[in-house]
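What follows is a single structure, written as structure tokens, with notes after it.
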Amino acid sequence: MDETNALIAQRRAKLDALRQKGIDPFRNKFTPDRDCGEARAQFEAGLLAEGAPVALAGRITAHRDMGKSQFLDLKDQSGRIQIYAQKQTLGDEGYEIFKHLDLADFIGVTGTLFRTRSGEPTVKVERFTILAKALRPPPAKWHGLEDTEIRYRQRYLDLMSNDEVKRVFLQRSAIIKEIRAFLDARGYVEVETPMMQAIPGGAAARPFKTHHNALGCDFYLRIALELPLKRLLVGGLDKVFEIGRNFRNEGLSRKHNPEFTMLEAYQAFGDYESMMELVESLICHVAEKVLGTLIIEHKQDQPVAAAITAALRELDELSFSTMGNLMKAVGGDAAAAFVADIGKAREALVAAERTLGQAPAEEVAKRAIEALLVAIGAVGLHQAAASRGDRNLADHFTAAAARFDASVRALERHTAPKVINLTRPWRRVKYKDLVRERAGADWFDLSPAERRRRAVELGAEIADAYEDFEVTQAVFEKLIEPTLINPTFVTHCLKELIPLAKLSPEDPSTVEVFECCINGQEISPGYTEQNDPIEQRERLEHQAGGEQQKLDEDFLVALEHGMPPAGGIGIGIDRLCMMLLGQDSIRDVILFPQLKPR
RNA sequence: GGGUUGGUAGCUCAGUGGUAGAGCAGCGGCCUUUUAAGCCGUUGGUCGUGGGUUCGAGUCCCACCCGACCCA
């Protein structure tokens, strides 16, 4: 945001020069007769003939100066079209002004369509108007904008220079539009409920707190949409939904933004089974409308590149840090052999990295793993000899081998193409059956202490304070959920996890719910909603844990007035977009992700 | 919160203690069908911030700020 920059000063000087000439560089209005992309497409399709007049407006994104004529690229949301200006058409003065236009300026042009020698549809400019002068230079011409911090803080620059980013956000908009269309067609009514609540409920999460001056009381930003929507079921709105922002005062990560968008929908006289059908149909509808397919492939170039870069650093670190001590411990020849082996592994890694972009990422990952196995072999071979001479060195080798192992595991996650197949019907499996499948058929027959021990054996992190059901849930979240790439309805979860759902008559230790997992993430929960006010109070009191969380008494009063049996769902819109649009980070599907203020 | 890693020109990046660089963008010149146009010339830096070590720091050390990734 440097104000003294020479490039900015130059542009301001140009602005002043224009004003001197009596030209207003910030116009109120110019009316194009079509979009840039539209004009190009219509010309290509023969709908506009050679010589057809057009009026277009857009931002200048490139220019090729030929002396007495020049080509510019004009870009608007629809796309890009080339324009061509000649000195003889614009006149000496007009051409002089045109020549001093800057990249990123907005202009409007009128002229006629023609095709250049190389076949490019082009507008021969007859008149032009400067619509908005850009006083700062745009980011790179063909590198795009790479700096993640600027991309997130100044998203407009990201959108301006990275077409792929623009595409993602246009598709996010299309996804939300199709969700509305789908629910509307099924007779759901869209409503809006308060974001500021005296008692935040409907989920277990830390809320943001704010204060209302006139009312003299505190409010919380909502953490879920659930409780107001259920009040509407009581009121007789039988099919309702809301798409809105929730706020949770918790950590930020690849999967979490403090404010995120949820869809919640409730249907009177539905249950968790009818809601599974809804979720399945809704997501398939959206995928087909927006993507035109139910088979979604995710590129893995970025995680593979990151894993290889990390592995290269490990390799370099090892050869630099051990060389001297290794010479002392095992002698020059052996040390040289070791370094040569590591060097070979390094070369193979670099070679693999170079093929990224050409070869499929999963092939690259496989080659990188082979390279790392060479390095691990070399470490193993020399470790025994080295450890006789030097204790610290042996520790160093052990640590290095462990880090290489970690790198291999990271790469192994990407050795198969990542494809999500949304073709129906989606798998439905009971929570307990899935846990038995992955953690042992006898899982629920074990004593709590045995379960805890096996969970640790399986690699889950178990805190001492965990209750028994939390141990099972940790196994589910850490070991099972990440493997559920294709859509899976995990039904009948443990009742302790979900206080707002009805118990399952066939197994009262579970509730009639599902968690729909896709892409290794929970995307959509759905319940047969609890409508027994007495039962609901008990469950909430048990969850509330006494004083720490206040009960929403008005919600319980509403239930006492009678809520019809109902099914409800939530869908995390951001995660749905990540899954459908192949984005690994929630920040890449939220226009303005939360960052710390500068 | 912890680990790893990054911040150098408008952008993308080099720069392993000894005169701060390249490409693109910019500015000037040549060129009336170019398209990552080309050719010639040229401007541009608080090296994230603040300390320290040193004859000398973009580079080494310490603290802090802001990102990214992984973990909690």
Side-chain angles (χ1 to χ4, degrees), chain A residues 1-14 40 60-75 80-90 95 98-105 114-125 134-154 157-158 160-162 250-256 302-314 316-317 320 399 402-403 406-407 409-411 413 459-463 474 477-478 584-588 593-598:
Chain A
M1 308 291 168
D2 179 8
E3 297 307 320
T4 62
N5 184 288
L7 298 175
I8 296 174
Q10 275 167 3
R11 284 171 180 248
R12 281 192 176 266
K14 287 181 178 179
R40 196 186 152 95
I60 298 170
T61 58
H63 73 163
R64 296 171 284 281
D65 185 356
M66 312 284 301
K68 292 184 185 60
S69 72
Q70 60 182 315
F71 292 92
L72 305 191
D73 287 346
L74 203 61
K75 188 176 171 189
R80 181 199 73 92
I81 191 165
Q82 176 168 269
I83 65 174
Y84 179 57
Q86 290 171 306
K87 193 171 184 174
Q88 74 194 37
T89 345
L90 295 182
Y95 191 69
F98 194 87
K99 253 172 68 170
H100 286 88
L101 291 171
D102 282 313
L103 287 183
D105 290 352
F114 76 106
R115 204 177 279 281
T116 64
R117 258 180 224 159
S118 56
E120 175 88 6
T122 303
V123 178
K124 186 174 283 181
V125 178
L135 295 179
R136 291 171 186 268
K141 194 162 70 178
W142 64 80
H143 281 113
L145 180 65
E146 306 266 352
D147 184 313
T148 45
E149 196 172 347
I150 299 177
R151 285 187 48 227
Y152 295 151
R153 282 190 200 281
Q154 295 175 273
L157 296 177
D158 192 23
M160 194 188 296
S161 46
N162 296 325
E250 291 165 359
L252 287 73
S253 82
R254 208 166 56 79
K255 295 179 184 175
H256 299 89
Q302 205 225 324
V304 170
I308 292 180
T309 306
L312 278 173
R313 278 199 198 99
E314 302 289 0
D316 290 343
E317 208 277 326
F320 279 126
R403 288 198 302 269
S407 295
R409 280 198 301 278
L411 283 161
R413 286 202 293 257
E461 306 232 353
I462 305 298
E477 281 178 7
K478 293 288 139 80
D584 289 330
S585 170
I586 197 167
R587 296 184 196 95
D588 294 323
Q594 199 59 251
L595 296 185
K596 204 162 175 174
R598 276 224 112 142

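Remember, it's a predicted structure, so these values are computed and weren't measured experimentally. Below, all heavy atoms of this structure are taken into account, side chains as well, without hydrogens, waters or symmetry copies. Letters go in sequence order (proteins before strands), and every chain restarts at 1.
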Identify the heavy atoms of [X] and [Y] that sit nearest to each other, and give their distance.
X: A:Ile8; Y: A:Pro137; result: CG1-CD, 4.3 Å
X: A:Gly251; Y: A:His256; result: O-CB, 3.6 Å
X: A:Ala134; Y: A:Asp105; result: N-OD1, 2.9 Å
X: A:Ile81; Y: A:Pro121; result: CG1-O, 4.0 Å
X: A:Asn162; Y: A:Leu145; result: ND2-O, 3.1 Å
X: A:Pro139; Y: A:Met160; result: CD-SD, 4.5 Å

Tell me which nucleotide, if any, is Watson-Crick or G-U wobble paired with [N] when both distances must be under 3.5 Å.
N: B:rC13; value: B:rG21
N: B:rG1; value: B:rC71
N: B:rG26; value: B:rU42
N: B:rG6; value: B:rC66
N: B:rC47; value: none

Can you check the distance between [N] and [M], where both ends of the measurement are the [atom1] atom (answer in whole Å)?
N: B:rC27; M: B:rU19; atom1: P; value: 32 Å
N: B:rU32; M: B:rA22; atom1: P; value: 31 Å
N: B:rC31; M: B:rC40; atom1: C1'; value: 12 Å
N: B:rU43; M: B:rG23; atom1: P; value: 13 Å
N: B:rU5; M: B:rG17; atom1: C1'; value: 23 Å
N: B:rU46; M: B:rG50; atom1: C1'; value: 12 Å
N: B:rC69; M: B:rC30; atom1: C1'; value: 49 Å
N: B:rG44; M: B:rC11; atom1: C1'; value: 14 Å

Choosing from [options], which nucleotide comes nearest the side chain of [X]?
X: A:Pro137; options: B:rC11, B:rG26, B:rG10; result: B:rG10
X: A:Leu7; options: B:rU35, B:rG26, B:rU32; result: B:rG26
X: A:Thr116; options: B:rU34, B:rG67, B:rU12; result: B:rU34
X: A:Ser585; options: B:rC69, B:rU34, B:rG67; result: B:rC69
X: A:Leu595; options: B:rU32, B:rA68, B:rG26; result: B:rA68
X: A:Phe71; options: B:rG7, B:rU34, B:rA25; result: B:rU34
X: A:Glu146; options: B:rC69, B:rC13, B:rC31; result: B:rC13
X: A:Arg117; options: B:rG67, B:rA25, B:rU34; result: B:rU34

[X] near the nucleic acid: base, sugar-phosphate alone, or nothing, with a heavy-atom cut-off under 4.0 Å?
X: A:Tyr84; value: base
X: A:Asp102; value: sugar-phosphate
X: A:Glu461; value: sugar-phosphate
X: A:Gly251; value: nothing
X: A:Gln82; value: base

Do the side-chain N or O atoms of [X] get closer than 4.0 angstrom to the phosphate oxygens (OP1, OP2) of [N]?
X: A:His256; N: B:rA72; answer: no
X: A:Arg64; N: B:rU34; answer: no
X: A:Lys68; N: B:rC31; answer: yes
X: A:Arg254; N: B:rC70; answer: yes
X: A:Arg153; N: B:rG67; answer: yes
X: A:Arg587; N: B:rA68; answer: yes
X: A:His100; N: B:rG26; answer: no
X: A:Lys14; N: B:rC27; answer: yes

Handout entry: Pair of N/O donor and acceptor under 3.5 Å linking B:rU32 base with A:Gln70 side chain
Key = no

Handout entry: base_contact_polar (B:rU32 base, A:Gln86 side chain, donor-acceptor, <3.5 Å)
Key =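 Under the 3.5 Å cut-off, the side chain and the base do form a donor-acceptor pair.
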
Rounded to the nearest angstrom, tell me the gap between atom [atom1] in [X] and atom [atom2] in [N].
X: A:Leu101; N: B:rA25; atom1: CG; atom2: P; value: 17 Å
X: A:Arg12; N: B:rC27; atom1: CZ; atom2: P; value: 17 Å
X: A:Ile8; N: B:rC11; atom1: CD1; atom2: P; value: 10 Å
X: A:Met66; N: B:rG29; atom1: CE; atom2: C1'; value: 16 Å
X: A:Leu252; N: B:rG1; atom1: CG; atom2: C1'; value: 13 Å
X: A:Lys124; N: B:rU34; atom1: NZ; atom2: C1'; value: 14 Å
X: A:His143; N: B:rA14; atom1: NE2; atom2: C1'; value: 13 Å
X: A:Asp105; N: B:rG26; atom1: CG; atom2: P; value: 11 Å

Fill in the blank from the handout: The residue among A:Asp65, A:Val125, A:Ile83 that forms side chain to side chain contact (heavy atoms under 4.5 Å, CB included) with A:Gln70 is A:Asp65

Practice task
Please confirm whether A:Lys87 makes a cation-pi placement over A:Tyr95, using NZ or CZ under 6.0 Å from the six-membered ring centre and within 45° of the ring normal.
Solution key: no

Handout entry: Contacts of A:Arg80 that satisfy salt bridge (Lys or Arg N to Asp or Glu O under 4.0 Å) - sequence neighbours left out
Key = A:Asp73, A:Glu120

Completion exercise
Comparing A:Asp147 with A:Gln10, nearest RNA chain B nucleotide closer to 5' gives the residue A:Asp147

Exercise for the section: Select from A:Lys87 and A:Lys99 the residue whose nearest nucleotide in RNA chain B is closer to the 5' end of that strand. Expected result: A:Lys99

